[in-house]
Amino acid sequence: MRSRMKIRVFEPADEAEVIALWKSTGLAVPQNDPAKDIARKMAHSPKQFLIGFIDRKVVATVMYGYDGHRGSVNYLAVSPQCQGHRLARTLMSQVQAQLTAQGCPKLNLMVRQSNPQAADFYKRIGYVEESVVVMGKRFIRDA
Ligand SMILES: CC(C)(COP(=O)(O)OP(=O)(O)OC[C@H]1O[C@@H](n2cnc3c(N)ncnc32)[C@H](O)[C@@H]1OP(=O)(O)O)[C@@H](O)C(=O)NCCC(=O)NCCS
C-alpha cells in the first residue's frame, strides 16, 4: 500500500475529502472549523500542506510549518482503512526531509492527552515526550 501512495501539495478540490478524513479520524473538534483552518493555511504557507492519495482517493494528510526556530506539525491523519501500512511514517519522513532542507533544527508537536495512540506512533518514529506545559491563547473564535 505504501508504494501506491502518491504525495502532493493540497489543492482546493481536495477540501471535501480532506475534511471527511479529519472527521473519520477524530481530528475535527468543535473549537476548530476545518474549512477555516484550510483557508488560513492556504493564505500562509500552502506548500506545507501535503496530501497522500491512493488511486486518486485522499488517504492521508499532514500540515506543517517552520517559524525560523522550530518546525511544527498538525492534522496528521491516515484513513482508518489504510492505517498500519506506514503511510504516516512516510508522510512524516517527507515533512522531516523538507524541514531539514530548510535548516530547521527541531520539530515540536502536540498530541492531545486523550490520544495516547498518536503519542505511541510518534514515539515509534523517534519523537520523545518532553517535560513542558503547552499553553495556548485563542485569538479568533471559529465556533
Ligand atoms: C496516528 C496515525 C496518523 C498513524 O498512522 P499510520 O499510517 O497507521 O502509522 P504507520 O503505519 O506509519 O506507523 C508507523 C509506526 O508506528 C507504529 N504505530 C502506529 N500506530 C501505533 C500505535 N497506536 N501504537 C504503537 N505503535 C504504533 C507502527 O506499528 C509503525 O511501526 P514500524 O514502522 O516501526 O513498523 C493514524 O493512526 C491516525 O490517523 N490516527 C487518527 C488521527 C490522529 O490521531 N492523528 C495524530 C494527531 S496528533
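Basis for what follows: all heavy atoms, side chains included, without hydrogens, waters or symmetry-related copies. If you're wondering where the values come from, they're calculated on a predicted model, not measured in any experiment. Positions are given from 1, in the same order as the sequence printed here. For ligands, and for the atoms within them, numbers begin at 1 and follow the listed sequence.
With hydrogens left out, the protein atom closest to atom 15 (C) of ligand 1 is Arg124 CG, 3.6 Å, a heavy atom. Protein heavy atom closest to atom 48 (S) of ligand 1, with residue, atom name and distance, is Met110 O, 3.8 Å. Considering only non-hydrogen protein atoms, atom 26 (N) of ligand 1 sits nearest to Asp120 O, 4.2 Å. Residue, atom and distance of the protein heavy atom nearest to atom 44 (O) of ligand 1 are Asn115 ND2, 2.6 Å.
Taken to the nearest 0.5 Å, the CZ atom of Arg56 stands 11.5 Å off from the CD atom of Glu17. We find the CD1-CD distance between Ile51 and Glu11 to be 9.0 Å, quoted to the nearest 0.5 Å.
Atom CE of Met42 has more than 12 neighbouring heavy atoms from other residues, nucleotides or ligands inside a 6.0 Å radius.
In terms of N/O distances under 3.5 Å, ligand 1 is approached by Gly84. Polar contact with ligand 1: present for Ala88 (N/O pair, distance under 3.5 Å). Considering backbone and side-chain N/O atoms, Leu76 comes within less than 3.5 Å of an N/O atom of ligand 1. Taking only nitrogen or oxygen atoms, main chain and side chain alike, Thr25 does not reach within less than 3.5 Å of ligand 1. No N or O atom of Tyr122 sits closer than 3.5 Å to an N or O atom of ligand 1. At a 3.5 angstrom cut-off on N or O pairs, Ile125 does not count as close to ligand 1.
Of the options Gln117, Gln83, Arg112, Met1, the smallest heavy-atom separation from atom 40 (N) of ligand 1 is shown by Gln83. The residue among Phe121, Trp22, Tyr75 with a heavy atom at the shortest distance from atom 1 (C) of ligand 1 is Phe121.
In the vicinity of Leu27, heavy-atom distances shorter than 4.0 Å reach the ligand 1 atoms 42 (C), 43 (C), 45 (N), 47 (C). Close contacts between ligand 1 and Ala118 involve ligand atoms 44 (O), 46 (C) [criterion: under 4.0 Å to a heavy atom]. Those atoms of ligand 1 with a heavy atom of Ala77 less than 4.0 angstrom away are 39 (O). For ligand 1, the atoms lying closer than 4.0 Å to a non-hydrogen atom of Arg86 are 10 (P), 11 (O), 12 (O), 32 (P), 33 (O), 34 (O), 35 (O). Listed by number with element, the atoms of ligand 1 under 4.0 angstrom from any heavy atom of His85 are 11 (O).
Tyr127 and Tyr122 have perpendicular rings, their planes meeting at more than 60° on a 0 to 90° scale where under 30° would count as parallel.
Residue contacts with ligand 1, taken as heavy atom pairs separated by less than 4.0 Å, do not involve Thr90 at all. With a 4.0 Å heavy-atom cut-off, ligand 1 is reached by the backbone of Arg89 and by its side chain too. For Val78, heavy-atom contacts with ligand 1 shorter than 4.0 Å involve the backbone as well as the side chain.
Smallest separation of non-hydrogen atoms from Cys82 and Val59: SG-CG1, 3.8 Å.
Using a 4.0 Å threshold on non-hydrogen atoms, atom 24 (N) of ligand 1 counts as touching the protein.
You'll find the side chain of Tyr75 stays beyond 4.5 Å of the side chain of Val62, heavy atoms only. Using a 4.5 Å heavy-atom threshold, the side chains of Arg112 and Val29 count as touching. For the pair Asn108/Ser72, no side-chain contact is recorded, criterion being any heavy-atom separation below 4.5 Å from C-beta on. Contact check for Gln48 versus Gln102: side-chain heavy atoms found under the 4.5 Å cut-off.
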Next on the checklist: Let's go through Val58 and Phe53 carefully: what are the C-alpha distance in whole Å and the side-chain angles of both, what is the deciding distance for side chain to side chain contact (heavy atoms under 4.5 Å, CB included) to 0.1 Å, and is it a yes or a no?
Outcome noted: CA-CA 5 Å; Val58 173; Phe53 291 87; 3.7 Å; yes
Item to check | side chain to side chain contact (heavy atoms under 4.5 Å, CB included) assessment of Gln117 paired with Asn115 | outcome: CA-CA 5 Å; Gln117 299 86 352; Asn115 192 359; 3.3 Å; yes
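Connection of Ile7 to Leu21 is not established within any shared hydrophobic cluster, with ILVMFWY side chains joined at heavy-atom distances below 4.5 Å, either directly or through further cluster members.
Considering Asn32, Thr61, Asp37 as possible partners of Trp22, the one that fulfils the side chain to side chain donor-acceptor pair (under 3.5 Å) test is Thr61.
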